[in-house]
Amino acid sequence: MENKIKEILLNNSIELFGNQVDEKLIQFQKTRKDVEGDLTLVIFPFVKVLRCSPADAGEKIGSFLADKLDFIASYNVVSGFLNFTISGEYWLSQLSSIDKNEEFGFAEKDSKPTVMVEYSSPNTNKPLHLGHLRNNFLGYSVAEILKANGHKVVKTQIVNDRGIHICKSMLAWERFSPVNENGERETPDNTGIKGDKLVGKYYVEFDKQYNIEAKEIIAKWERNNFDSFSDDVATEVKKLIASKEGKDEDAIKGIDAKIKDIAKNQTSLMNDAKEMLIKWEARDPETYLLWTTMNNWCYAGFDVTYKAMGVDFDKLYYESETFILGRDLVLEGLDKGIFFKKDDGSVWIDLTDEGLDEKLVLRSDGTAVYMTQDLGTAVDRYSDYPDLSGIIYTVGNEQDYHFKVLFLILEKLGYDWAKNCSHLSYGMVELPKGMGRMKSREGTVVDADDLMEDIVDSAKEMTQERGHIDGMSEDEKDKLYNLIGMGGLKYYLLKVDPKKKIVFNPNESIELNGNTGPFIQYTHARIKSLIAKAGELSMFGDVELKLEETEILKHLSQYPSLIADAGKNHSPALLANYTYELVKLYNHFYQSIYILNEENKDLRMMRLVLSRNVAKVINSAMNLLGINVPEKM
RNA sequence: GGGCCAGUAGCUCAGCUGGAUAGAGCACCUCCCUUCUAAGGAGGCGGUCAAAGGUUCGAAUCCUUUCUGGCUCACCA
């Protein structure tokens, strides 16, 4: 419709305006609620060209268009805005064509290039938490939205299964796990604890123990006792302690933090963990066995969580397998002069010309860092999927800088596809003021499993209170509670613009009224119940549309362009808001107009077909968010 | 200190390729179930769009500066 008008204006530009106008001058917007019309053209941009008042310009353009286009039933001009009223026949024909199209809004399947969407990417040393929920829901949804846009999509993750942090939980388990009467240390089997939770318990334990040890070391230093520490350490710490003299509180805090870091690195626990990492890289059999065992506990736990989340992956990558390729790439780049080596043997890239810093890509002992492994993973993926056009990394915005650098390095290494890679950067999920930050090590996280369980419980309570669940089997009821609870949680985390942070208050559990998942699900269930009662639907003859019906049709017509926008912007939030808007329009209609009870059969059928298509789009849009909708609730 | 992001109603958020009187939900106050699911609908209350300049016929939206908050600049990931 917009395109038709635009086309006519452009093609008749000379006749209308005296010379060719720029396409950008043609701006449409929604007609204000209190003004008559369905579509509005902004007249101001043409006023200069036409050299007349906005009112005259609007009149001129309006009459010209109304003459040429029969879907324009009438028009009016109000203070620089030309408002068109679109004919009922046009909207009814829209309804018919939407109704016929089962995949309404979707682009042709596999018509666009393959993209890879990376999301989740957990560390195998702790369970998933609320932040991971946002990540997983976002990544899954963006992948689905891209599919709807015609892309082939590969869902993937990089499992962070190696590194010093993994060794920490391994070491802590080996050292601090109690031994039972059978002489076994704690396992998921003999404790009944979920695997990832058990591993996470020892990650926290490591942190606790080594903080204790670090404190003891600092106390020693403060007594000026530097026995058993290297001269370098002693000199540095002495210098730091001396520098505290005469400084203000904040500065002293900063210096103390530095001293603490040094102390942590001097703990026997940390040294043992480092040693374990070296053993692991050397494939020491005992260390490897422990690593495999504890990782497998984690994976078993993750599987349960992923299943509850309703997300899936096409292909997994493991850091333990890609970091070597990364190291090779760095050494290759070193030969080419892209990287440089410092005296201590560490390898860096100089990005100061790009306004960034120097960045480490390989440690002095030759081991890989985060960046090394990410380089390897990216290249690995392109060799696995040669037709890949780009990778979308769903990772929190705290890593904005990392990805800027990653893409830049890939480009410098000569990979053209680097420019098609993007970072789907999302805001942190924060706890309300005073509740601190979520930190796994400190045990201040909102656990993913617990949260999902809680929300499903509260959905159960609400559904038993007011739902329509008579005649359902226990199994069906449980499915429904789950569907409502998870729908609420997903919608809550996806309706916010990805790049914005979310403040989550665990004490006020998630709202299920208002702009929420269940609100949308409820409307869907209500429509389904209507349709079920109506029996067979037939086509309708010529009818007159009410305002409420036109509003819905206008909104429905925009679904395809919304899917395109959501795809372009990698934003499920756009779809969530669109659906919310649609549901509000429908509820208003439902409340004020008879549907089943309408006596005129054509009208009844038209309203039922309209309802059926609203349900279809609700279902479709919610599915793109990873949310299911019920037939009854 | 450098870089990036955010600041809209008491709270949580839309709106941001410049367009008409800035919109929702929650909370608070009124109404509406002998019409199809009230997890709903209608209405009310509530705003110096962080602040100040600038560009423009027109600025929450663009530019500059300032303030506030977050993240980041690690031989952590």
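Quick caveat: nothing in here was measured; it's all calculated off a predicted structure. Sequence lines set the chain letters: A, B, ... in the order given, protein chains first and strands last, and positions in each chain run from 1.
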Exercise. What's the verdict on side-chain hydrogen bond (donor to acceptor under 3.5 Å, both in side chains) for A/Asn83 and A/Asn76, showing C-alpha distance, side-chain angles and the deciding distance?
Worked result: CA-CA 5 Å; A/Asn83 309 302; A/Asn76 63 75; 2.8 Å; yes
Exercise. Under the side chain to side chain contact (heavy atoms under 4.5 Å, CB included) criterion, do A/Lys546 and A/Ile593 qualify, and how do the steps go?
Worked result: CA-CA 9 Å; A/Lys546 296 207 181 217; A/Ile593 294 176; 3.7 Å; yes
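Across all strands, A/Gln373 comes closer than 4.0 Å to no nucleic acid atom at all (heavy-atom distances). Across all strands shown, A/Thr40 has heavy atoms under 4.0 Å from base atoms, whether or not it also approaches the sugar-phosphate. Using a 4.0 Å heavy-atom distance criterion, A/Glu598 is classed as making no nucleic acid contact. Within the nucleic acid shown, A/Asp365 has no heavy atom closer than 4.0 Å to any nucleic acid atom. Across all strands shown, A/Ile593 has heavy atoms under 4.0 Å from base atoms, whether or not it also approaches the sugar-phosphate. When heavy atoms are screened at a 4.0 angstrom cut-off, A/His468 is found touching base atoms of the nucleic acid. Heavy atoms of A/Glu465 sit nowhere under 4.0 angstrom from any nucleic acid atom.
Relative orientation of the A/Trp291 and A/Trp280 rings is perpendicular, given thresholds of 30° and 60° on the angle between their planes.
Taking atom NE2 of residue A/His524 and atom C1' of nucleotide B/G40, one finds them 17 Å apart after rounding to whole Å. For A/Lys359 and B/A74, the NZ to P distance is 6 Å, given to the nearest whole Å. Between A/Leu585 atom CG and B/A24 atom C1' the separation is 12 Å, expressed in whole Å. The distance between atom OH of A/Tyr580 and atom P of B/A39, rounded to the nearest whole Å, is 16 Å. In this structure, A/Phe589 atom CZ and B/U37 atom P are separated by 14 Å, rounded to whole Å. Remark: C1' of B/G3 and NZ of A/Lys404 are 6 Å apart, rounded to the nearest angstrom. Atom P of nucleotide B/G25 and atom CD1 of A/Ile502 are separated by 20 Å, given to the nearest angstrom. If you measure from atom CG of A/Asn577 to atom P of B/C16, you get 11 Å, rounded to the nearest angstrom.
Between B/G15 and A/Lys30, no contact under 4.0 Å exists linking OP1 or OP2 to a side-chain N or O. Using a 4.0 Å cut-off, no side-chain N or O of A/Tyr370 falls inside it from OP1 or OP2 of B/A77. Look at A/Ser79 and you won't find any side-chain N or O under 4.0 angstrom from OP1 or OP2 of B/A20.
In the set B/A77, B/C36, B/U37, the nucleotide with an atom closest to the side chain of A/Asn597 is B/C36. Set against B/U37, B/A39, B/U21, the side chain of A/Arg32 has B/U21 as its closest nucleotide. Comparing B/U72, B/C36, B/A20 by their nearest atom to the side chain of A/Glu398 picks out B/U72. The side chain of A/Tyr401 approaches B/U72 more closely than any other nucleotide in the set B/G25, B/C36, B/U72. Of the candidates B/G40, B/A14, B/A20, B/A20 carries the atom nearest the A/Val35 side chain, counting heavy atoms from C-beta on. The side chain of A/Lys33 approaches B/A24 more closely than any other nucleotide in the set B/C36, B/A24, B/G40. Comparing B/G19, B/A77, B/U37 by their nearest atom to the side chain of A/Val42 picks out B/G19. Relative to the side chain of A/Val369, the nucleotides B/A24, B/A77, B/U37 differ in distance, and B/A77 lies closest.
On a pure distance criterion of 3.5 Å, a polar donor-acceptor pair joins the side chain of A/Asn83 and the base of B/A20. One donor-acceptor pair, N or O on each side, does fall under 3.5 Å between the base of B/A39 and the side chain of A/Thr463.
Spacing of C1' atoms, B/C62 relative to B/C49, comes out at 15 Å, to the nearest Å.
In this structure, A/Asp365 does not pair ionically with A/Arg363, as no charged nitrogen and carboxylate oxygen lie closer than 4.0 Å. Taking 4.0 Å as the cut-off between side-chain N and carboxylate O, A/Arg162 and A/Glu281 count as a salt-bridged pair. Under 4.0 Å is where a charged nitrogen must lie from a carboxylate oxygen, and between A/Lys554 and A/Asp38 at least one such pair does.
Considering only residues two or more places apart in sequence or on other chains, A/Asp56 meets the salt bridge (Lys or Arg N to Asp or Glu O under 4.0 Å) condition with none of them.
To the nearest 0.5 Å, the span separating CG on A/Asp374 from CD on A/Gln399 amounts to 8.0 Å.
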Got a list of protein N/O to nucleotides 41-45 of chain B N/O distances below 3.5 Å?
residue : atom : partner  : partner atom : Å
B/G41   : O4'  : A/Gln591 : NE2          : 3.1
B/A42   : OP1  : A/His588 : ND1          : 3.1

Please list each protein N or O that sits under 3.5 Å from an N or O in nucleotides 6-10 of chain B, with the distance.
residue : atom : partner  : partner atom : Å
B/G7    : OP1  : A/Lys500 : NZ           : 3.2

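In terms of heavy-atom proximity, A/Val199 sits nearest to A/Thr124 at CG1-O, 3.8 Å. Across A/Phe323 and A/Ala368, no two heavy atoms sit closer than the pair CD1-CB, 3.9 Å.
B/C62 is paired with B/G54 under the Watson-Crick or G-U wobble criterion, all donor-acceptor distances under 3.5 Å. Base pairing of B/G1 is made with B/C73, judged by Watson-Crick or G-U wobble geometry with both donor-acceptor distances under 3.5 Å. The partner of B/A39 is absent, by the rule that a Watson-Crick or G-U pair needs both atom distances under 3.5 Å.
A donor-acceptor pair shorter than 3.5 Å cannot be found between the side chains of A/Glu319 and A/Tyr370.
Both A/Leu596 and A/Val496 lie near RNA chain B, and the one whose nearest nucleotide falls closer to the 5' end is A/Val496. Each of A/Ile595 and A/Gly163 has a nearest nucleotide on RNA chain B; the 5'-most of these lies closest to A/Ile595.
Applying the 5.5 angstrom centroid cut-off and the 30 degree plane-angle cut-off, the aromatic ring of A/Phe44 is stacked upon the base of B/G19.
In this structure, A/Ser611 contributes its side chain and A/Arg607 its backbone to a donor-acceptor pair below 3.5 Å.
Look at B/C13: its glycosidic torsion is beyond 90° from 0, and that puts it in the anti range.
Side-chain contact check for A/Ile595 versus A/Arg604: every heavy-atom pair is 4.5 Å or farther apart.
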